[in-house]
Structures are given as C-alpha cells and as structure tokens.
Amino acid sequence: VQLQACGGGLVQAGGSLRLSCAASGRTFSSYNMGWFRQAPGKEREFVAAISWSAGTTYYTDSVKGRFTISRDNAKNTVYLQMNSLKPEDTAVYYCAADGRPYRRSFLYTQPRSADFGSWGQGTLVTVSS
C-alpha cells in the first residue's frame with residue numbers, strides 16, 4: 001500500500017490542523033491505521049490509531065482530548081484532527097497501515113509500531129509559541 005500524508009504546516013499554539021492520509025494499493029477498509037510522530041532529536045512515538053471499522057481508537061496520553069483520529073473508507077483516507085496545539089506537538093507526522101488485515105488484537109490492546117507494515121512520507125507540523 002502507498003500512503004500519502006498532507007496537511008502539515010505552521011500554526012500558533014492553541015490553533016488547529018487536520019492531517020489527511022490517502023491510501024492506495026490495498027483494500028483500505030480492511031486495515032487498522034495509525035499516526036505516529038517524530039520530533040527533532042527524539043524517537044518516533046505513537047500518536048493515535050483506529051481500527052478497520054472505526055469502532056476502536058487509541059491515543060497517547062499527551063493528545064487525549066485534543067486530537068481525534070477518524071477514517072473515511074469510501075475515500076481511502078484517514079484523518080488526524082489536531083486542536084489546542086502545543087509547541088511540544090511539533091514533529092514530523094507519519095501515517096501507517098497495519099501489516100495484516102483485520103488484526104483482531106487491535107480490538108483489545110494498543111498496537112505496536114511493529115504491527116504497521118506501510119508508512120507514508122511524513123508531513124511536518126510546527127507549532128509556534
């Protein structure tokens with residue numbers, strides 16, 4: 001699968017951005033999807049994930065209540081709505097697709113980075129204070 005992320009940019013603290021990730025090459029609706037981010041000098045970290053049916057979502061603690069992950073299977077697209085942005089949200093954001101269709105373990109436990117087999121190119125989000 002190929003993933004194309006977009007929507008990053010420069011925003012002031014407290015502002016909002018919506019990231020989009022368009023998928024092609026596989027049956028998008030069969031796969032769990034996730035967003036990760038990597039800040040300068042730091043390791044890549046999990047941000048949010050959503051199950052193939054959109055019935056289950058996960059968020060890292062630092063974004064709960066501010067970010068919302070969603071998907072439109074008819075458009076083969078996953079979104080990350082980011083509100084109340086903080087300077088510490090500055091990072092390159094990557095979307096990722098599960099390496100296995102209908103991975104049921106996703107329904108019971110937060111996915112691991114290793115579960116994701118396809119990655120987008122990343123989109124830069126910069127939050128100024």
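Note that the structure is a prediction, hence the values are computed from the model and not measured.
In terms of heavy atoms, Ala49 sits closest to Pro111 at CB-CG, 3.8 Å. Contact between Ser84 and Asp89 at its shortest, heavy atoms only, is O-OD2, 4.5 Å. Minimum heavy-atom separation, Ser118 to Val1: OG-CG1, 2.9 Å. Here the closest non-hydrogen pair linking Asn32 and Ser51 is OD1-CA, 3.1 Å. When all heavy atoms are compared, the tightest approach of Ser129 to Ala13 is CA-CB, 4.3 Å. The two residues Ala91 and Arg37 have their closest heavy-atom pair at CB-CB, 3.8 Å.
The side-chain heavy atoms of Val125 and Leu19, taken from C-beta on, include a pair separated by under 4.5 Å. Residues Thr60 and Phe67 fail the side-chain proximity criterion, which asks for heavy atoms closer than 4.5 Å. Arg66 has its side chain out of reach of Tyr59: every pair of non-hydrogen atoms, C-beta onward, lies at least 4.5 Å apart. Side chains of Trp52 and Asp98 form no contact here, defined as non-hydrogen atoms less than 4.5 Å apart. When side chains are defined from C-beta on, Leu3 does not count as touching Tyr94, because their heavy atoms never get closer than 4.5 Å.
Less than 2.5 angstrom separates the SG atom of Cys21 from that of Cys95.
In this structure, the separation between OG1 on Thr56 and CD on Gln110 is 12.5 Å, given to the nearest 0.5 Å. In this structure, Arg18 CZ and Met82 CE are separated by 11.5 Å, a value rounded to the nearest 0.5 Å. Here the NZ-OG distance, from Lys86 to Ser62, works out to 8.0 Å after rounding to the nearest 0.5 Å. With values rounded to the nearest 0.5 angstrom, Thr68 atom OG1 is found 8.0 Å from Leu80 atom CG. Here CG of Leu124 is found 8.0 Å from OG1 of Thr90. Values are rounded to the nearest 0.5 Å. Here the CD-CD distance, from Glu45 to Gln38, works out to 9.5 Å after rounding to the nearest 0.5 Å.
One hydrophobic cluster, built from ILVMFWY side chains closer than 4.5 Å, cannot hold both Tyr58 and Tyr79; they sit in different ones. Under the 4.5 Å side-chain heavy-atom criterion for ILVMFWY residues, a single connected hydrophobic cluster contains both Val11 and Tyr93. There is a path of hydrophobic side-chain contacts, each under 4.5 Å, that joins Met33 to Val63. Note on Leu17: it clusters hydrophobically with Val47, by side-chain heavy-atom contacts below 4.5 Å among ILVMFWY residues. Both Ile69 and Phe28 sit in one connected hydrophobic cluster of ILVMFWY residues. Membership requires side-chain heavy atoms under 4.5 Å apart, directly or through other members.
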Are Ser30 and Tyr102 close enough, and set up right, to give a side chain to side chain donor-acceptor pair (under 3.5 Å), and what steps lead you there? CA-CA 6 Å; Ser30 303; Tyr102 302 118; 3.3 Å; yes

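With respect to the salt-bridge test (charged N to carboxylate O, under 4.0 angstrom), the residues Asp61 and Lys64 qualify.
Arg100 contributes no side-chain N or O that, together with a main-chain N or O of Gly117, makes up a donor-acceptor pair within less than 3.5 Å.
With sequence neighbours left out, the ring-ring contact (aromatic ring centres under 6.0 Å, His included) criterion links Phe46 to Phe36.
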